[in-house]
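Input: a single structure, listed below in structure tokens.
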There are 2 protein chains.
Amino acid sequence: MTSRPGGRSARVREAVLEAVHAELTEHGYAGMTVENVAERAGVHKTTVYRRWGTVDVLIADALDHSRETGWPVPDTGTVEGDLIAIATEVADTFADPERRLVPIAIVAAALQSTRALDAKGRFYAARHAEAAQVVTRAVARGELPPQNDPVELVRLTCAPLYHRIFITGEPVDRATAALAALAALAAARAGLL
Amino acid sequence: MTSRPGGRSARVREAVLEAVHAELTEHGYAGMTVENVAERAGVHKTTVYRRWGTVDVLIADALDHSRETGWPVPDTGTVEGDLIAIATEVADTFADPERRLVPIAIVAAALQSTRALDAKGRFYAARHAEAAQVVTRAVARGELPPQNDPVELVRLTCAPLYHRIFITGEPVDRATAALAALAALAAARAGLL
DNA sequence: ACTCTAACGCAACACGAGTCGCGTTAGGAG
DNA sequence: CTCCTAACGCGACTCGTGTTGCGTTAGAGT
């Protein structure tokens with residue numbers, strides 16, 4: 001009888017993590033407070049402080065929790081189509097003024113606490129591993145040479161988009177997404193991965 | 001007589017911005033405080049609060065100030081060598097446990113304030129414009145087709161490195177730096193940029 | 001050399017995030 | 001159904017960040 005995962009604790013966690021998501025898409029990372037999250041969840045602030053402690057840990061837990069729900073991997077018939085679809089989804093996410101706040105907050109939180117850093121690593125590792133299916137299928141179809149690292153091709157596809165968002169600050173549209181996919185494919189076809 | 005840039009104000013700014021750099025490489029972004037910067041600079045905290053206001057603005061101003069000093073563009077004789085040199089410098093910066101804290105702090109600050117976001121944009125735009133010389137030279141030598149965007153090739157070279165650091169969390173060594181340069185070159189030679 | 005004022009130093013203050021002690025509630029065990 | 005305790009609610013408290021008012025200093029103009 002050391003823990004009691006069922007019942008109230010589970011309800012509180014669900015409510016708090018949902019409040020985290022809501023507060024994030026509303027005020028962004030900078031405007032997010034433990035107290036606001038607690039109030040929105042209908043829970044006292046000490047409860048949140050005791051179970052999570054900081055905003056970054058809240059985001060980290062929400063991230064771990066979201067990882068439980070699956071993610072639809074595209075299957076257009078060609079690697080090119082699949083990679084463009086993956087890149088386009090990233091671009092669309094960051095084009096939405098509300099949805100973009102979530103991944104931005106994740107990166108911000110990861111820069112503040114080790115807990116969030118680890119959660120972010122797990123999240124993207126899982127996502128990229130899932131997405132790498134499109135490359136594995138392509139290799140099986142003979143579209144790509146088998147020496148390529150599937151996950152690395154996915155990462156190379158996403159890299160220019162995240163680079164624009166977090167480093168150069170340039171806008172990311174679907175054209176740049178498609179270009180990123182094609183550039184990554186060029187490297188893969190050259191057998192560099 | 002609205003401003004007085006010479007004399008004391010200039011000395012204070014110099015001392016404060018140097019203190020910002022020192023505090024950053026010592027405690028990182030998370031452990032940086034306005035008060036600590038003020039004390040290290042030998043200045044009262046109200047002075048810093050009045051002229052800058054927040055940590056993010058301090059970092060933004062330090063970034064704008066650092067942009068005044070030039071940056072040595074590599075010239076190895078080939079685009080391949082030049083791009084690898086650029087990528088290697090990025091990798092080396094993030095391999096150093098102290099130096100890496102500076103660009104990390106810049107990204108973190110840019111996620112908090114618009115002022116820092118703009119400063120970061122200006123900084124990387126200037127850097128990439130300078131680095132693009134290696135591509136311009138390569139096109140002049142006939143190494144690359146002229147339809148390529150010089151700056152875009154530089155960005156494509158750096159993108160996988162920053163992606164590893166800020167998104168996936170994987171380590172960045174010189175091998176990955178060289179690979180990133182070659183992958184970007186493959187896309188450029190395919191005429192995709 | 002004299003004046004004027006922008007910028008700085010100083011101390012006291014206001015405010016909000018985070019903590020602590022204690023009483024209360026709910027849910028698992030027998 | 002009853003007991004027991006982990007988890008929550010509540011209010012008071014601490015403490016550090018950032019602010020304000022005022023006196024002082026230094027440097028630019030004449």
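Being a predicted model, the structure only gives us computed values, none of them experimental. Lettering follows sequence order; numbering is per chain, from 1.
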Next item on the list: Go through the steps for B/I84 and B/R174 under the test side chain to side chain contact (heavy atoms under 4.5 Å, CB included), then give the verdict.
Entry: CA-CA 9 Å; B/I84 291 178; B/R174 291 193 167 193; over 6 Å; no
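Annotation: ring pair (Phe, Tyr, Trp, His ring centres under 6.0 Å) contacts of B/F94 (sequence neighbours excluded): B/Y162. Applying the side-chain hydrogen bond (donor to acceptor under 3.5 Å, both in side chains) rule to B/S113 yields no partners; only residues at least two apart in sequence or on another chain are considered. Evaluation of the salt bridge (charged side-chain N to carboxylate O under 4.0 Å, His left out) rule for B/D149 yields no partner, not counting sequence neighbours. Scored by the side chain to side chain contact (heavy atoms under 4.5 Å, CB included) test, A/Q133 finds A/V73, A/R137 as partners (sequence neighbours excluded).
Every pair tested for salt bridge (Lys or Arg N to Asp or Glu O under 4.0 Å) that includes a residue from residues 177-190 of chain B fails, sequence neighbours excluded, so the list is empty. Within the structure, the salt bridge (Lys or Arg N to Asp or Glu O under 4.0 Å) test picks out the following pairs touching residues 20-34 of chain A (sequence neighbours left out): A/E23-A/R40, A/E26-A/R40. Applying the salt bridge (Lys or Arg N to Asp or Glu O under 4.0 Å) test to residues at least two apart or on different chains, the pairs with a partner in residues 45-57 of chain A are A/E35-A/K45.
Residues of residues 55-62 of chain B having a heavy atom closer than 4.0 Å to DNA chain C: none are found. Shown for residues 39-53 of chain A: residues whose heavy atoms fall under 4.0 angstrom of DNA chain C, namely A/K45, A/T46, A/Y49, A/R50. Within residues 14-26 of chain B, no residue has any heavy atom closer than 4.0 Å to DNA chain C.
Recorded end-axis angle for the helix from C/dA1-D/dT30 to C/dG30-D/dC1 stands at 40°, based on five pairs per end and rounded to 10 degrees.
Using a 3.5 Å distance cut-off with no hydrogens or angles, the side chains of A/T168 and A/E170 do pair a donor with an acceptor.
Using a 4.0 Å cut-off, no side-chain N or O of B/R11 falls inside it from OP1 or OP2 of D/dA26.
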Distance-only donor-acceptor hits, side chain of residues 179-188 of chain B, under 3.5 Å, sequence neighbours excluded:
none

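Taken together through direct or relayed side-chain contacts under 4.5 Å among Ile, Leu, Val, Met, Phe, Trp and Tyr, A/V57 and A/Y29 form part of one hydrophobic cluster. Linking ILVMFWY side-chain heavy atoms closer than 4.5 Å, directly or via other members, places A/V37 and A/I104 in a single hydrophobic cluster.
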